[in-house]
Amino acid sequence: MILLPSAGDCVILERLIFQEAYIVDLFDQLMHSDQTTSPAAASDRADRPSVRMDPRQLLEGLNPQQRQAVEHDQGPLLILAGAGSGKTRVITHRIAWLITVRNVRPQAILAITFTNKAAAEMKHRIEELIGSVTRSMWVGTFHAMMMRILRRFADRLGFERNFAILDTDDQMKVVKACLKELKIDEKAFNARAVHSQISSAKNSLIDVEAFISQAGSDYRQSRVAQVYQAYQEKLRQSNSMDFDDILFEAVRLLRENDDILTEYQSRFQYILVDEYQDTNHAQYQLVHMLSAGHGNLCVVGDDDQSIYSFRGANIQNILDFEKDFKRCKVIKLEQNYRSTKTILGAANQVIRENTGRKEKALWTDHGHGEQITFLRAENHSEESRYIATEIQRLVKNGQHYGDMAILYRVNALSRNLEAALREQGVLYRIFGGTRFYDRREVKDVLAYLRLVLSPRDEIAFSRVINVPRRGLGDVTIAHVQDLAEREQVSSLEICEQADRYDVLQRMAPRLLGFAAQIQGMRDLLTRDDLTFAAFLDQVEQDSGLLQEIIDQQERSKDDAVDRIENMKELISDALEFEQNLRQLQSLPEAELQPEDEDLHQIDDLTGILRAYLERAALYADMDQDKENQDYVRLMTIHSAKGLEFQTVFLVGTEEGLFPGFRARDSEAEMEEERRLGYVAITRAKQKLYITTARSRLVFGQTMAMPVAHFIQGIDDQYIEEIGGSRRPDYQQAPHGAFQAFDSGTAGAACPAGSAPSRDAAGRHVFPGSAIRPHQTPVQPLPDIDPADYRPGVRVRHEKFGSGKIVSALPVAGDAILQIEFQSSGKKRMMARMAKLEILD
DNA sequence: CCTATGATGAACATC
DNA sequence: TCATCATAGG
């Protein structure tokens with residue numbers, strides 16, 4: 001390793017810090033699936049800029065305000081960066097400046113971004129400037145950064161280091177369980193609403209006690225307080241945190257432990273926070289605490305782009321920054337480098353209606369460009385068809401799919417568009433929607449993994465205890481959980497001892513079988529002689545999850561094939577994850593003993609599993625967008641934040657949809673919708689389309705949709721209207737006309753039949769392998785060629801003897817076979833798993 | 001204890 | 001429209 005002793009720094013100290021920073025970065029690279037580290041880049045390591053550039057270059061091409069921001073030295077700094085004002089440029093150059101000019105060690109910099117993607121982008125751009133320094137920097141989201149600290153000090157908070165992270169789905173289930181336990185009527189107390197109250201309480205750092213006292217004698221509130229209390233208790237017993245806890249507990253950790261706070265305060269000499277307008281109170285507090293000593297806090301944001309209040313974001317954080325940090329410097333970036341005057345003008349008109357914003361005058365020296373095209377279509381199919389044909393027209397004129405994006409308020413709108421785009425042969429890709437790790441079958445597998453890793457994970461337990469069906473019903477499960485509570489042990493332990501309890505007598509064999517299954521998997525884990533992918537493969541099989549889907553394939557096959565593919569995909573994902581890890585570990589530095597024990601343990605299967613589960617929870621954006629890919633991008637406005645496109649189609653800008661119906665009676669929410677509109681409009685560089693439909697299917701009903709109010713306010717000079725005025729039109733097309741139109745395309749849009757036929761497969765009895773833990777080392781499954789398994793081919797199975805393949809369906813390098821055995825009739829199995837001998 | 005059925009209610013964005 | 005939930009019947 002190369003050590004560059006810097007003035008005044010104790011070499012040993014530097015060594016330690018460097019080591020941890022290095023390992024921390026390994027972690028980071030692992031988490032970002034897009035960061036498939038090239039060996040070349042990886043070995044080009046240095047904790048100092050490898051290319052020492054002339055610092056003056058860092059200021060080149062910057063306007064005076066940008067320069068000022070980059071060169072700012074000590075003390076708090078607020079950069080108000082309007083849309084398209086070169087914000088990222090300023091941040092990255094500032095970091096480069098700090099390192100090269102101010103001689104700040106990279107590991108003394110903490111840079112917080114809003115998304116993982118933004119973090120990757122920031123690192124990339126810094127490296128372009130000064131080489132691979134980012135590997136020892138902490139760059140990431142609040143959640144990811146705090147997780148590092150929390151893992152390390154989990155014990156101080158009373159958690160085990162392998163605590164689980166609950167996603168929204170899990171959280172909901174826990175809330176429901178609490179409601180049930182407290183005998184609260186779910187109709188009077190909507191679980192969703194209660195959960196959101198708990199969530200915002202945590203984001204505001206209101207703990208259970210404070211919530212209770214705040215509720216006072218208010219019946220409703222004190223009931224919610226009870227749920228909050230029960231909820232926290234359950235999480236604690238399950239050794240789990242939810243998303244909000246990650247921040248909440250981090251604050252608590254730093255508040256209650258002076259030594260830890262001091263350590264991180266002195267480590268992070270410079271703190272930068274991007275998208276500061278979207279921080280919540282907990283995040284505010286974290287930043288505050290960490291920067292308390294030196295006050296070298298630089299926040300960047302735009303109050304007009306605050307669009308995450310649903311997540312607890314508090315726009316006051318940015319509005320009050322000057323009050324909170326007295327001697328702070330404020331720099332406004334008001335020159336827009338992105339859009340035409342027309343687009344900017346329209347955007348300004350939309351946002352100007354908001355009150356209580358920081359006055360900014362965004363300007364550009366670009367030309368006026370084309371007018372904004374406003375479309376008033378009859379219905380959603382016409383709207384989508386217009387967009388599709390327009391895209392094709394633009395492409396004929398030399399534009400690229402990759403320069404265009406279609407933005408919408410709600411994911412559901414992508415459906416209609418998809419049909420039309422496909423029809424017209426437009427290349428496109430949809431972002432967002434159900435994420436890979438959120439798919440049911442994937443979550444089931446992950447729940448097994450969680451339970452294997454952390455036996456106390458009650459939430460994972462209840463998810464998988466009867467999945468696949470083991471003939472264990474609500475009553476039995478309730479008994480198990482009651483006993484667990486009474487005896488203060490985990491439900492899994494009750495299962496292990498099921499034969500000791502009278503109430504469980506009847507179901508004891510099944511419970512024991514389940515416990516043995518988990519134990520078997522845990523043995524595999526601790527024995528540590530499998531690759532991670534092989535381990536996951538084994539879990540998918542031993543759990544019976546895979547077999548269950550195969551059985552189901554009998555009837556409803558469309559769905560089943562997808563699900564099997566997802567399970568296979570999960571294995572490849574695990575493989576990739578592991579390979580990345582190995583590659584990183586093969587670097588020379590990895591031989592060092594990291595001071596951080598947690599990261600050290602990433603060496604064995606258990607460590608990999610823990611890291612993998614964390615990634616699944618925190619870094620769920622699996623399908624990363626590759627730049628320069630030539631397809632139209634479809635996404636929500638929220639996920640488009642920070643991006644820009646030559647041409648933008650903003651669809652469904654209708655009252656009730658965008659702005660959503662909930663914003664109706666709340667001026668605050670209305671303002672957020674306007675900000676959202678502002679964000680959408682400012683994504684466009686050259687050309688903007690705003691489209692609406694006079695009628696649209698909402699909740700399966702055709703509804704008349706008025707044009708969004710904030711669009712009506714845009715001046716005529718900026719807009720060219722097609723299909724009608726954006727101002728209220730009294731002329732409605734006859735209903736019947738588009739009724740017929742709808743039924744024509746609706747069928748094509750959703751080809752799946754209305755009633756997904758459920759199959760009546762008999763319940764799954766646990767396989768023999770489950771009861772007997774594995775005695776012999778597990779053989780990795782053989783690679784097979786799916787093409788070998790064709791209908792008519794005769795095969796031999798070690799248990800069922802010889803048989804003939806009736807049908808074969810290739811799936812992800814494997815095949816689902818139906819085999820007619822001479823002795824035991826028809827069976828369904830996966831080719832690879834069955835270990836068949838081909839007889840012909 | 002499982003499954004099918006029909007009712008019911010939900011739908012906004014993300015770490 | 002789609003998914004989840006409660007209920008009834010096997």
Side-chain angles (χ1 to χ4, degrees), chain A residues 112-119 140-147 165-169 171-173 176 180 186-187 190-193 196 199 203 241-247 275 278-280 282-283 306-313 407-413 415-416 431-435 438 440 466 469-477 506-507 510 614-621 635-641 652 656-663 669 672-673 675-676 679-680 696-702 742 746 749-750 752-764:
Chain A
I112 305 276
T113 59
F114 191 67
T115 61
N116 298 306
K117 199 171 138 204
T141 63
F142 271 105
H143 290 85
M145 298 301 98
M146 292 309 120
M147 271 306 291
I165 302 166
L166 303 194
D167 62 22
T168 325
D169 212 57
Q171 293 175 41
M172 224 47 173
K173 284 186 180 156
K176 280 182 185 158
K180 199 168 252 177
E186 269 200 58
K187 274 169 193 127
N190 175 280
R192 218 187 145 80
S196 123
S199 170
N203 285 329
M241 291 191 196
D242 64 19
F243 279 122
D244 307 314
D245 285 328
I246 293 174
L247 303 176
E275 308 284 10
D278 286 321
T279 50
N280 60 37
Q283 292 166 330
S306 168
I307 55 174
Y308 279 91
S309 70
F310 69 91
R311 218 174 90 182
L407 307 182
Y408 33 77
R409 177 70 227 261
V410 295
N411 271 311
L413 284 189
R415 285 266 175 132
N416 311 320
F431 293 87
T434 324
R435 289 184 299 250
D438 284 344
R440 212 185 76 215
N466 199 31
R469 304 253 108 98
R470 294 185 174 81
L472 297 164
D474 296 346
V475 182
T476 309
I477 296 169
R506 223 159 63 87
M507 289 298 154
R510 290 171 185 180
E614 186 169 324
R615 186 181 74 150
L618 246 43
Y619 298 75
D621 49 348
M635 62 184 91
T636 63
I637 301 165
H638 282 88
S639 42
K641 188 163 84 159
L657 193 64
F658 179 26
F661 64 97
R662 315 152 103 89
E669 285 185 46
E672 177 138 327
E673 297 292 311
R675 291 194 290 268
L676 203 48
V679 169
R696 194 180 289 279
L697 281 171
V698 182
F699 296 153
Q701 279 195 317
T702 310
D742 277 346
C750 325
S754 48
S757 48
R758 297 273 151 162
D759 78 35
R763 86 166 91 81
H764 183 76

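Each chain gets a letter, A, B and so on, in the order the sequences are listed, and its residues count up from 1.
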Q: Would you kindly compare Tyr308(A) and Val698(A) by the position of their nearest DNA chain B nucleotide and give the one closer to the 5′ end?
A: Val698(A)

**Q.** Residue mapping more 5' on DNA chain B - nearest nucleotide basis, Phe661(A) or Met507(A)
**A.** Met507(A)

Is the shortest side-chain N/O distance from [X] to OP1 or OP2 of [N] below 4.0 Å?
X: Asn411(A); N: dA13(B); result: yes
X: Arg192(A); N: dA11(B); result: yes
X: Arg510(A); N: dC1(B); result: no

Rounding to an integer number of Å, can you tell me how far [X] [atom1] sits from [N] [atom2]?
X: Asn190(A); N: dA11(B); atom1: CG; atom2: C1'; result: 12 Å
X: Phe142(A); N: dT14(B); atom1: CZ; atom2: P; result: 19 Å
X: Ile246(A); N: dT14(B); atom1: CD1; atom2: P; result: 17 Å
X: Lys176(A); N: dA3(C); atom1: NZ; atom2: C1'; result: 11 Å
X: Arg415(A); N: dA11(B); atom1: CZ; atom2: C1'; result: 13 Å
X: Phe699(A); N: dG9(B); atom1: CZ; atom2: P; result: 13 Å
X: Asp474(A); N: dA6(C); atom1: CG; atom2: P; result: 10 Å
X: Asp245(A); N: dC15(B); atom1: CG; atom2: C1'; result: 13 Å

Q | Phe310(A)-dA13(B) aromatic stacking (under 5.5 Å, under 30°) | A | yes

Any donor-acceptor N/O pair, [X] side chain to [Y] backbone, under 3.5 Å:
X: Asp278(A); Y: Ile307(A); value: yes
X: Asp242(A); Y: Ser199(A); value: no
X: Arg510(A); Y: Gly471(A); value: yes

Q) Who is the Watson-Crick or G-U wobble partner of dG6(B), with both distances under 3.5 Å? A) dC5(C)

Q) Does dT14(B) pair with anything, Watson-Crick or G-U wobble, both distances under 3.5 Å, and if so, with which nucleotide? A) none

Q: Please name the pair of heavy atoms, one in Lys176(A) and one in Ala191(A), separated by the smallest distance, quoted to 0.1 Å.
A: CG-CB, 3.8 Å

Q | Shortest non-hydrogen separation from His143(A) to Ile246(A) and the atoms involved | A | O-CG2, 3.7 Å

Select base, sugar-phosphate, or nothing to describe what [X] touches, counting heavy atoms under 4.0 Å on all strands.
X: Asn466(A); answer: sugar-phosphate
X: Leu472(A); answer: sugar-phosphate
X: Phe658(A); answer: nothing

Q: Using the C1' atoms only, state how far dT4(C) lies from dA13(B), rounded to an integer number of Å.
A: 22 Å

